[in-house]
Amino acid sequence: MFKKNLNRFLKSLIFPSLVFPTMVNPSLPVSASPPTGFNQYKSNVEGGECKEVEYPSSTTGVNRKAMIYTPPRYSESDKYNVLYLFHGIGGDHLEWYNGGNVVNILDNLYAENKLKPMIVVMPNGRAMRDDRAIGDAFAPDKVAAFDNFQNDLFNDLIPFIESNYSILTNRENHAIAGLSMGGGQALNFGLKYLDYFAHVGAFSPAPNTNSPNVLFADIEAIISDLKTLWISCGDKDDLLNVSKGVHSYCIEKEIPHTWHLISGGHDFTFWKDSLHQFLQVIFKDEQSEIFK
Ligand code: FER
């Protein structure tokens, strides 16, 4: 404890903005202006593969669907980082694929050599027998199923991914992120299961986000173990109070994090920009400086 505080104090002399974070990681762009074409198909860019798979879920008693992106030249003889990426309240496993141009964003970043090789797993975060995105998205049983997804994730999906894909096993190689309802899940599950995840990202997290004193129940472990804590929101988003609450708590408790409040609303223009930036931060050694 004393040693950790001493380390933080010494580091604060060299990197004050990293140890006692201000608003943003200064090395990252903050505007909602990703480069032109970042989410568009380019015929000269080598593509990864994105496939729908089914995995058996003991949590729900049925087979469940997920989209899995594997990078260009994916090979079983290499080992890969893995990002679990979640959709919002009205979506399903196809939301990032159809609405978020996730394949183009990833393919284009690989072509520019801007991200570490990773598999991206996009599940259906509504862990119930009938998980279709139909009817009242706010029905209590559906909202409860978003919380229940942590059981499906750890007992069913992660074991399926680990036994079917060539995955790096250290926590530093695992990230969890999502938009809105899925952003709440990423915070709730990622900060709780620190022994599995070291990178956590929430893009306009929704009111399913646990209150900060629950999220940050183990502040010491979070500060020492987490490599990325990313929270972003559009300034015109009706749910801004949720992410602001998490950000303010981090400031108050001196929890290092990246906070991006950028011009935007509760939509894919904002979420695509957030994903594009988050992908470039995770799994990189230099980012760990923020959390040491
Ligand atoms: C709520 C408002 C919005 C809520 C969830 C959402 C659980 C989710 C929005 C989204 O995913 O886009 O009160 O409560």
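When a ligand or atom number is given, it counts from 1 through the structure's own listing order. Values below: every heavy atom of this structure, side chains too, minus hydrogens, waters and symmetry copies.
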Shortest protein heavy-atom distance from [atom], along with the residue and atom involved:
{"atom": "atom 8 (C) of ligand 1", "answer": "A206 CB, 3.5 Å"}
{"atom": "atom 10 (C) of ligand 1", "answer": "S180 OG, 2.6 Å"}
{"atom": "atom 13 (O) of ligand 1", "answer": "P207 CG, 3.4 Å"}

Taking the inter-plane angle between the rings of Y55 and F160 on a 0 to 90° scale, is it parallel (under 30°), tilted (30 to 60°) or perpendicular (over 60°)? tilted

Angle between ring planes, H247 versus H257, binned at 30° and 60°: parallel, tilted or perpendicular? tilted

N/O to N/O below 3.5 Å, does that happen between [X] and ligand 1?
{"X": "W271", "result": "no"}
{"X": "I89", "result": "yes"}
{"X": "M181", "result": "yes"}

Could a heavy atom of F138 be found less than 4.0 Å from some atom of ligand 1? yes

Please determine whether any non-hydrogen atom of H87 lies less than 4.0 Å from an atom of ligand 1. no

Per the side chain to side chain contact (heavy atoms under 4.5 Å, CB included) rule, which among L179, I176, V121 passes with F86? I176

Only one of S232, P34, C233 clears side chain to side chain contact (heavy atoms under 4.5 Å, CB included) with S274; which? S232

Heavy-atom contacts with G88 under 4.0 Å: which atoms of ligand 1 show up? List them by number with element. 11 (O)

State, yes or no, whether a side-chain contact exists between I222 and L194 at a heavy-atom distance under 4.5 Å. yes

Q185 versus F146: any side-chain heavy-atom pair under 4.5 Å? yes

Check this for me, if you would: do D131 and R64 make a salt bridge, where the nitrogen-to-carboxylate-oxygen distance has to be below 4.0 angstrom? yes

